[in-house]
Amino acid sequence: MTLSAVIFDVDGTLAETERDGHRVAFNLAFKEFSLTWQWDPALYGQLLQIAGGKERIHFYLENHAPDLLKQENPDKWITKIHQAKTKHFLALLKTRKILLRPGVERLIDQLRAKRIKMAIATTTTYENVIALLESTLGKEAPEWFDVIGAGDIVLRKKPAPDIYLWVLQKLALPAESCIAIEDSENGLQAATAAGIRTVVTVNGYTCQQDFNGAAIVVPDLENTGLPAQTKNTPIRNVIDVDVLMHLAI
Ligand code: XBP
Ligand code: MG
């Protein structure tokens with residue numbers, strides 16, 4: 001089937017937002033709430049197995065401070081901490097610019113030139129997506145995406161397929177005509193469970209994960225690590241529109 005749309009994950013895929021962005025913002029929020037928790041880079045790597053900031057805080061409490069979950073309405077309290085975290089993340093994006101990963105801007109330009117639709121399917125909060133797109137690609141960049149699926153718009157976060165199914169429905173396209181670009185096992189599972197073939201661009205936090213079922217796994221979009229022809233892709237050392245079209249067949 002011809003390639004109609006490319007659906008991008010955000011965190012870890014468009015940019016390395018986790019270690020120096022989200023993690024730092026969580027810690028600032030904890031401080032604001034007079035909590036002594038510090039998520040260091042290694043611990044944060046473990047916590048990333050749980051997608052979604054509120055869900056991640058809940059998971060941390062289950063394992064490190066279960067008594068705090070016994071208070072009345074712990075989720076309301078977690079939501080407040082998470083709102084502070086979002087505020088800090090948005091402020092961080094203004095002060096320390098987080099760059100796009102290699103090849104992301106080039107691929108986005110190519111997709112726009114070929115009029116192939118683009119969408120976002122992410123677990124993170126909607127405002128974070130808009131702020132990242134604007135700070136890296138310019139004020140008008142969010143409009144380049146036909147659909148932006150983010151945060152709590154669906155009940156179950158990745159690895160559940162819900163956010164991808166929601167985006168497919170909004171795009172009004174069959175899964176087979178789309179390619180997803182993801183960086184994590186949770187993301188790959190979500191996209192493939194929705195029937196979408198997936199390119200995985202690994203990063204420091206995800207490189208040891210299980211990517212069985214991916215269409216292709218690469219270090220980043222600018223470097224496939226493939227100097228020669230492989231069974232499923234044409235000769236290319238970058239992930240470009242031709243490679244994605246080929247993978248969609
Ligand atoms: C991203 C996430 C998010 C971010 C934080 O996962 O899991 O939780 O870490 O964002 P994926 P929020 O890249 O698989 O979508 O705090 O806004 O949830
Ligand atoms: Mg991701």
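Note that the numbering runs from 1 along the sequence shown for the chain. Order of listing sets the numbers, starting from 1, for every ligand and every atom in it.
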Test of proximity, Gly52 against ligand 1: N or O pairs below 3.5 Å
yes
Looking only at protein heavy atoms, identify the closest one to atom 14 (O) of ligand 1 and say how far it is in Å.
Lys158 CD, 3.5 Å
Looking only at side chains, do Gln169 and Tyr164 share a donor and an acceptor under 3.5 Å apart?
no
Quickly, which of Leu132, Ile130, Leu137 forms a side-chain contact (heavy atoms from CB on, under 4.5 Å) with Pro142? Name it, please.
Ile130
Among Asp183, Asp9, Asp11, find the residue that satisfies the salt bridge (charged side-chain N to carboxylate O under 4.0 Å, His left out) test when tested with Lys158.
Asp9
Which segment of Thr124 sits under 4.0 Å of ligand 1 when only heavy atoms are counted:
both
Which residue and atom name correspond to the protein heavy atom nearest atom 1 (C) of ligand 1, and how close is it?
Asp11 OD2, 3.3 Å
For atom CG of Asn212, decide whether the heavy atoms of other residues, nucleotides or ligands shown that lie under 6.0 angstrom number more than 12.
no
Tell me the angle that O of Asp11 and OD2 of Asp9 form around the Mg ion (ligand 2), rounded to 10°.
90°
Does an N or O anywhere in Thr86 fall below 3.5 Å from an N or O of ligand 1?
no
Same apolar cluster (I L V M F W Y, side chains within < 4.5 Å links), Ile120/Val199:
yes
Is the closest heavy-atom distance from Val10 to ligand 1 below 4.0 Å?
no
Here the gap from Lys157 atom NZ to Arg56 atom CZ, rounded to the nearest 0.5 Å, amounts to 9.5 Å
Among protein heavy atoms, which sits nearest to atom 11 (P) of ligand 1, and what does the distance come to when rounded to 0.1 Å?
Asp9 OD1, 3.4 Å
Would you indicate which of Glu185, Arg56, Glu182, Lys157 comes nearest to atom 3 (C) of ligand 1 when only heavy atoms are counted?
Arg56
To which protein heavy atom is atom 6 (O) of ligand 1 closest, and what is the distance rounded to 0.1 Å?
Thr123 CB, 3.7 Å
Under 2.8 Å: N/O/S of Glu182 next to the Mg ion (ligand 2)
no
Parallel, tilted or perpendicular: which fits the ring planes of His22 and Phe89, with parallel below 30° and perpendicular above 60°?
parallel
What do you reckon, does Gly12 put a non-hydrogen atom under 4.0 Å from ligand 1?
no
What protein heavy atom lies closest to atom 18 (O) of ligand 1? Include the residue and the distance to one decimal.
Gly53 N, 2.7 Å
What protein heavy atom sits nearest atom 17 (O) of ligand 1, and how far off is it?
Thr125 OG1, 2.6 Å
Can you confirm, on distance only, whether ligand 1 has an N/O atom lying under 3.5 Å from any N/O atom belonging to Ala51?
no
Quick one: look at Tyr44 and ligand 1, take heavy-atom pairs under 4.0 Å, and tell me if it's side chain, backbone, both or neither.
side chain
Any salt bridge linking Lys70 with Asp67? Criterion: basic side-chain nitrogen under 4.0 Å from a carboxylate oxygen.
yes
When you look for heavy atoms under 4.0 Å from ligand 1, do you find them on the side chain of Lys54, its backbone, both, or neither?
neither
Is the shortest distance from a heavy atom of Glu55 to ligand 1 less than 4.0 Å?
no
Aromatic rings Trp37 and Phe30: how do their planes relate, parallel, tilted or perpendicular, breaks at 30° and 60°?
perpendicular
Between ligand 1 and Asn128, can you find any atom pair, the residue atom being a heavy atom, that is separated by under 4.0 Å?
yes
Would you say the side-chain atoms of Arg106 pair up with the backbone N or O of Ile239, donor to acceptor, closer than 3.5 Å?
yes
